Amino acid sequence: MINNTKKPVLDDLDHKLIELLAQDARVSNRRIATQLGVTEGTIRGRIRRLEETHCIRLTAVTNTLVVGAPRVVLIGIEASQTELQSLCEQLAAMPEIACVIRMLGRYDLLAIGLFQSLEEIAQVANNRILALPGVSHVETAIAVKTLKYDHRMAKITPA
Amino acid sequence: MAFEPADGSIVLDETDKRIVALLKAHGRETNRDIARALKISPTNVGARIRRMEDANALRVVAVTDFAALGYDVLIAVGIEVGGRAAEAVGLELAKLPAVFSVHLVTGARDLELLVAVKDFDELRHFLENEIVHIPGIRRISAGLAVDVVKYNFDRVPM
C-alpha cells in the first residue's frame with residue numbers, strides 16, 4: 001500500500017477545488033469562490049484542511065529540462081532483507097535520488113534519480129549504491145524520452 | 001500540458017531562482033509578499049512568474065497525494081516490446097488513465113511505467129484487460145510498492 005496515514009474522505013467540492021488548483025495554484029480565493037458558488041471563507045478553510053491533512057501541497061514545480069538534472073534514471077536494487085531499512089535511509093539522503101520505494105516483485109527497492117550526466121549516473125548507481133552494504137544487484141534504466149508524467153499526483157509526506 | 005518539450009532558451013537569474021524557492025515553500029504566496037521579501041516591485045514578480053510559466057520552466061500547482069485520490073495501489077511496470085516501435089506502444093499506454101508516467105528507457109526493458117489504481121481488482125483489470133490488448137507488448141514485469149520512503153516531486157520532466 002502506498003498510504004501509511006489515513007486520509008480524510010474528499011467530497012465533491014474538494015475534488016472541484018483540487019482540479020482548479022492543479023491547473024494553477026495561484027488563483028485567488030475570491031475567483032475560486034465565484035466559480036464554485038461558495039464563500040471565500042469556505043475556500044480558505046478547505047484549502048487549509050487539505051494542506052494540513054497532507055492531501056495536497058501547493059508548490060512550484062520546475063522543469064528539469066530547464067533547471068538542470070534532466071536525465072531521469074530508474075534504479076532497481078536487489079538487497080538483503082535485513083538491510084532494507086538502512087538502505088532506504090541512505091538512498092533517501094542522496095540529493096540526486098528523488099524517489100525511493102520499497103517493492104515486492106521485480107526489485108526490493110526502486111530508486112528514481114535525476115542526473116546531469118552519464119558520469120553522474122555511473123558514480124551514483126554503479127559506484128555508490130552498488131557498494132552499499134547489503135546490495136547484491138543494481139539495474140539501471142536510463143530514460144531516453146518521457147512520454148508521460150503527471151506532476152499533479154505524488155506521495156505527500158509530512159515536511 | 002505537462003508533456004510538451006521545454007523551450008530550453010530561458011535562463012533563470014538569481015532573482016528568478018529566489019522567487020521559485022519562495023513558491024516551492026508556499027505556492028500561494030502573493031506577488032506583494034514575494035516582492036517585499038526580495039525588495040522588488042510586485043509587477044516585476046508577476047512578470048517573472050509569467051515569463052517562467054510561458055517558457056514551460058515553472059508551474060505553480062496543487063500536487064495531490066495518491067491516497068487522497070483513492071489510489072492505494074502503486075506499481076512499477078517494466079515492459080519488453082517486440083515487433084513494434086517501443087514509442088508507439090508507450091504512447092498507447094500513456095492514454096490509459098491508470099498510467100501516470102511512461103518512460104522510454106535503455107536496458108533490459110523498453111518501457112518503464114508507474115501505475116496507480118484504487119485496489120487489487122482494478123489492478124487485475126488493468127493487467128488482464130487493458131494492457132494485453134495493446135500490440136507489441138512481449139513481456140511484463142510488475143513490482144508492487146509497499147512503502148514510499150521518499151517522493152520528491154518539485155522537479156519533473158515537463
Side-chain angles (χ1 to χ4, degrees), chain A residues 1-5 7-8 10 18 21-26 47 53-67 69-70 72 74 88 91-92 97-107 110 114 139-157, chain B residues 2-3 5-6 8 10 12 20 23-24 26-28 49 55-69 71-74 76 78 87 90-91 94 99-109 112 116 141-158:
Chain A
M1 293 312 103
I2 54 175
N3 59 328
N4 315 322
T5 42
K7 296 284 175 196
L10 306 185
I18 288 172
L21 292 172
Q23 302 295 319
D24 180 1
R26 294 179 60 71
I47 292 177
T53 52
H54 305 294
C55 286
I56 63 169
R57 252 197 73 197
L58 302 166
T59 188
V61 174
T62 41
N63 188 343
T64 52
L65 296 174
V66 178
V67 297
V72 177
L74 293 100
C88 282
L91 290 166
I97 301 298
C99 173
V100 179
I101 303 174
R102 272 181 84 150
M103 308 270 304
L104 278 180
R106 298 171 69 188
Y107 315 112
L110 174 67
L114 296 168
E139 218 177 280
T140 312
I142 301 172
V144 285
K145 195 164 184 181
T146 300
L147 302 178
K148 180 175 188 178
Y149 184 87
D150 190 344
H151 62 266
R152 294 161 305 178
M153 262 198 323
K155 167 72 185 169
I156 297 178
T157 46
Chain B
F3 327 123
I10 189 173
L12 307 191
V20 169
L23 290 173
K24 285 200 184 208
H26 296 287
R28 279 170 76 78
I49 292 174
N56 202 20
L58 171 78
R59 292 277 151 77
V60 187
V61 296
V63 177
T64 311
D65 190 271
F66 295 115
L69 292 171
Y71 297 117
D72 283 339
V73 179
L74 177 66
E87 190 164 341
L91 287 172
V99 175
F100 75 94
S101 96
V102 182
H103 286 102
L104 202 62
V105 295
T106 63
R109 280 106 200 164
E112 285 286 345
S141 45
L144 175 70
V146 284
D147 188 17
V148 180
V149 180
K150 179 181 186 179
Y151 201 111
N152 220 337
F153 45 79
D154 62 354
R155 292 184 305 161
V156 301
M158 283 184 187

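Numbers restart at 1 for each chain; the letters A, B, ... are given by sequence-line order, proteins then strands. Every value quoted in this text rests on a predicted model; they were computed, and no experiment measured them.
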Closest approach of A:L58 to B:A62 (non-hydrogen atoms, all atoms of both residues):
CD2-CB, 3.5 Å

Is there a donor-acceptor contact under 3.5 Å from the side chain of A:K155 to the main chain of B:Y151?
no

Relative to chain A, which segment of B:A142 carries a heavy atom at a distance below 4.5 Å: side chain, backbone, both, or neither?
backbone

Below 4.5 Å from any heavy atom of chain B, which atoms of A:I142 appear? Answer side chain, backbone, both or neither.
both

With sequence neighbours left out, the residues meeting side-chain contact (heavy atoms from CB on, under 4.5 Å) with A:A22 are A:R152

Just so I know, are the side chains of A:H151 and B:V63 near enough to count as touching, which here means a heavy-atom distance under 4.5 Å?
no

Quick check for you: among A:V61, A:L10, A:I101, A:L74, which has the greatest number of heavy-atom pairs under 4.5 Å with chain B?
A:V61

Pair count under 4.5 Å, heavy atoms only, with chain A: among B:V149, B:L12, B:V99, B:V20, highest is B:V149

Among B:G107, B:A76, B:G90, which residue forms the greatest number of heavy-atom pairs with chain A at distances under 4.5 Å?
B:A76

Between A:H54 and B:D65, what is the shortest heavy-atom contact and its length?
O-CB, 3.6 Å

Quick one: which of A:A92, A:A60, A:P70 has the most heavy-atom pairs under 4.5 Å with chain B, could you say?
A:A60

Heavy-atom cut-off 4.5 Å, strictly under: side chain, backbone, both or neither for A:V144 against chain B?
both

Which region of B:L91, side chain (C-beta onward) or backbone (N, CA, C, O), has a non-hydrogen atom less than 4.5 Å from a non-hydrogen atom of chain A, or is it both or neither?
both

Just by distance, do the side chain of B:T64 and the backbone of A:C55 share a donor-acceptor pair under 3.5 Å?
no

Looking at B:N56, is its backbone amide N or carbonyl O close enough to the side chain of A:N63 to form a donor-acceptor pair, meaning the two atoms are under 3.5 Å apart?
yes

Among the options A:C88, A:A154, A:A25, pick out the one with the most heavy-atom pairs lying under 4.5 Å from chain B.
A:A154

Checking heavy atoms, do the side chain of A:L110, its backbone, both or neither come under 4.5 Å from chain B?
side chain

Do the non-hydrogen side-chain atoms of A:M103 and B:L144 ever get within less than 4.5 Å of each other?
no

Tell me, out of A:R57, A:R106, A:R102, who's got the most heavy-atom pairs with chain B below 4.5 Å.
A:R106

Separation between CD1 (A:I18) and CG (B:L69), nearest 0.5 Å, reads 6.0 Å

Given 3.5 Å as the limit, does a donor-acceptor pair link the side chain of B:T106 with the main chain of A:A141, or not?
no

Pick from A:L21, A:T62, A:I56 with the largest number of heavy-atom pairs that fall under 4.5 Å of chain B:
A:T62

Excluding sequence neighbours, so at least two apart, what forms side-chain contact (heavy atoms from CB on, under 4.5 Å) with A:R26?
A:D24, B:L23, B:N31, B:I34, B:I49, B:V60

Quick one: are A:I47 and B:R28 in side-chain contact, heavy atoms under 4.5 Å?
yes

Nearest heavy-atom approach of B:K24 to A:T59 is O-OG1, 2.9 Å

